[in-house]
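What follows is a single structure, written as structure tokens, with notes after it.
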Amino acid sequence: MTQYQSTLLRLLDERGYIHQLTDAAGLDKLASEGVVPGYIGFDATAPSLHVGSLVQIMMLRRLQQAGHKPIVLMGGGTTKVGDPSGKDESRKLLTEQAIRDNIASIRTVFERFLTFGDGPTDAVLVDNDEWLSKLGYIELLRTVGPHFTINRMMTFDSVKLRLDREQPLTFLEFNYMILQAYDFRELSMRQGCRLQMGGSDQWGNIVNGIELARRMNGTEVFGLTTPLLTTADGAKMGKTAAGAVWLNEDALPAYDFWQYWRNCDDRDVGRFLKLFTDLPLDEVARLASLEGAEINAAKIVLANEVTRLCRGDDAAKAAEATASATFAGGGLGEDLPVYAIPAEGLTIVDALVGIGFATSRGEARRLVAGGGARLDGVAINDESHRIDAQATEIRISAGKKRHGILRPA
RNA sequence: GGACAGGUGGCCGAGUGGUUAAAGGCAGCAGACUGUAAAUCUGCCCGCGCAAGCGUACGCUAGUUCGAAUCUAGCCCUGUCCA
């Protein structure tokens, strides 16, 4: 990599955030001269972002750490349109109220990663609905339309993907890139924003914004993308069997969040420590070089640090304590899911369903038949096995990793 | 509006009248081996039921048939080309 002068680019570079830059030298110069307001856009399609967005969130954090101003752009307006990037299917449209609620919920997570306020390097959160919803159609066509050619829009991956797969791309979605470009230009005027960051799939959209700002206002702005993050075995970040790994506490308990990181692939440890924690690089290097079973120590550090950032210190400590009691001690931890045994008792199958380890009785039965169900560490092979209400706390397990507590009602 | 091609389980994708709850692959779950890792091997993978079995399911609806994912009609949706 090149030698960057600015703290910002050095920081981003050495921690592995940089995939592409529109003008490395220009941005480097800008960032070493003063405060650069930079933004990343986020969807408001769900009440929580998930781990897949964590790189972008961390990048805003780095921006602030390097003395610049992070702008969180919530796509309240663009969510009404739907980004076709990476989707092979159109999204369902959300109501305005749902979008507003989502934004409020998502904001709580950003408040953990960024310092908000009115100061020059304090983070701000803006919603593009503010300006997008006020746009008149004819006005938009006249001001922005001339700067886009269909020829070029057709070459974008997000468009080509749909066309190649002979899947529908609606005009609504086709307009997404125009709106996103408009956002950049708008933020450059409102907030003096000079930089847009995003995942590598956003490159095209970002470049559009840069051009639009230049053509309409003569402003020079910059773009930076992160590499597409996958786990070592090629899966997208943040997806597990149980669903997405949500950042909001109410969407995913801290213990499960912690476990996600604790269970990461050996090969990912170093990369993740650099991207998702504030640990100094020499410490990261030390942890990542651990071999064999020792690397588990590094995974615990990773889990602790990420959980701490995202969920707070208490949540991280509780999750670690629970994990250590559950796995190392064979005991029980506070954070495990709990299910109350009714007075008349219940079967192992009902208990597995009740605590959420199986989604149907059939699945629970198969789990028992396959030898994956345990009570206090003892495999139960009889699916009609009954659990008494009189008993004290019982540890119930599905497989080696999912554990819970059965407690008399 | 017209011609043609399509719509199958989370995804991809076989299947053109019964033996099809639907091949195969991916993803997922469990077991073995390990280190709460990876790789590998084995089993499972619509719901209810201890079970025999029952109920749902191949875009929707109505038919033909003893019997349909498979045939017919209408409708809806998608793509390609034409207007």
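Each chain gets a letter, A, B and so on, in the order its sequence line appears, and its residues count up from 1.
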Counterpart base for [N], defined by Watson-Crick or G-U wobble contacts under 3.5 Å:
N: B:rU80; result: B:rA3
N: B:rG67; result: none
N: B:rA27; result: none
N: B:rG74; result: B:rC60
N: B:rC48; result: B:rG53

Checklist entry - Please, which pairs that meet salt bridge (Lys or Arg N to Asp or Glu O under 4.0 Å) have at least one residue in residues 397-409 of chain A, sequence neighbours excluded? => result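 Qualifying pairs, neighbours excluded: A:Glu393-A:Arg407.
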Checklist entry - Among pairs that include at least one residue of residues 174-190 of chain A, which meet salt bridge (Lys or Arg N to Asp or Glu O under 4.0 Å), considering only residues two or more places apart or in two chains? => result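 Residue pairs with at least one partner in residues 174-190 of chain A: A:Glu130-A:Arg190, A:Glu186-A:Arg190.
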Checklist entry - In the 5'-to-3' direction, what one-character label does each nucleotide of nucleotides 47-55 of chain B receive under the scheme B = base within less than 4.0 Å of a protein heavy atom, S = sugar-phosphate only, - = no such atom? => result SSBS-----
Next on the checklist: Using a 4.0 Å heavy-atom cut-off to protein, can you give one letter per nucleotide of nucleotides 36-41 of chain B, 5' to 3': B if the base is in contact, S if only the sugar-phosphate is, - if neither?
Outcome noted: BBS---
Contacts table for residues 363-370 of chain A: side-chain donor-acceptor under 3.5 angstrom, sequence neighbours left out:
residue	atom	partner	partner atom	Å
A:Glu363	OE1	A:Thr359	N	3.4
A:Glu363	OE1	A:Thr359	OG1	2.6
A:Arg365	NE	A:Glu383	OE2	3.1

Inter-nucleotide [atom1] distance ([N], [M]), Å rounded:
N: B:rA62; M: B:rU56; atom1: P; answer: 14 Å
N: B:rU19; M: B:rA68; atom1: P; answer: 11 Å
N: B:rG9; M: B:rC58; atom1: P; answer: 9 Å
N: B:rG74; M: B:rG25; atom1: C1'; answer: 37 Å
N: B:rA21; M: B:rA57; atom1: C1'; answer: 8 Å
N: B:rG67; M: B:rG18; atom1: C1'; answer: 6 Å
N: B:rG55; M: B:rG6; atom1: P; answer: 34 Å
N: B:rA73; M: B:rC81; atom1: C1'; answer: 26 Å

Next on the checklist: According to ring-ring contact (aromatic ring centres under 6.0 Å, His included), who are the partners of A:His68, at least two apart in sequence or on a separate chain?
Outcome noted: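 Here no residue qualifies.
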Checklist entry - Does A:Tyr39 have any ring-ring contact (aromatic ring centres under 6.0 Å, His included) partners at least two apart in sequence or in another chain, and if so, which? => result A:Phe184
Item to check | Pairs involving residues 335-346 of chain A, ordered by first then second residue, that meet side-chain hydrogen bond (donor to acceptor under 3.5 Å, both in side chains) (sequence neighbours left out) | outcome: none
Checklist entry - Which pairs count as side-chain hydrogen bond (donor to acceptor under 3.5 Å, both in side chains) when at least one residue sits in residues 133-147 of chain A, sequence neighbours excluded? => result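 Qualifying pairs: none.
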Next on the checklist: Is the shortest side-chain heavy-atom distance between A:Leu11 and A:Arg15 below 4.5 Å?
Outcome noted: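 Side chain of A:Leu11 against side chain of A:Arg15, heavy atoms only: contact under 4.5 Å found.
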Checklist entry - Who are the salt bridge (Lys or Arg N to Asp or Glu O under 4.0 Å) partners of A:Glu334, not counting sequence neighbours? => result none
Next on the checklist: Classify A:Gly292 by what it touches in the nucleic acid, base, sugar-phosphate, or nothing, heavy-atom distance under 4.0 Å.
Outcome noted: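 Base: the residue A:Gly292, judged by heavy atoms under 4.0 Å, touches a nucleobase.
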Next on the checklist: Taking 4.0 Å as the cut-off, does a side-chain nitrogen or oxygen of A:Arg374 come that near to OP1 or OP2 on B:rA30?
Outcome noted: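 Result: no.
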Checklist entry - For RNA chain B, which residues in residues 306-316 of chain A have a heavy atom at a distance below 4.0 Å? => result none
Item to check | Considering all heavy atoms, the nearest A:Ile18-A:Leu9 contact | outcome: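 In this case the closest contact between A:Ile18 and A:Leu9 is CD1-O, 4.0 Å.
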Next on the checklist: If the condition is side-chain contact (heavy atoms from CB on, under 4.5 Å), which residues does A:Asn304 pass it with, not counting sequence neighbours?
Outcome noted: A:Trp258, A:Ile300, A:Glu320
Item to check | Spacing of CG belonging to A:Asp127 relative to CG belonging to A:Leu73, to within rounding of 0.5 Å | outcome: 7.5 Å
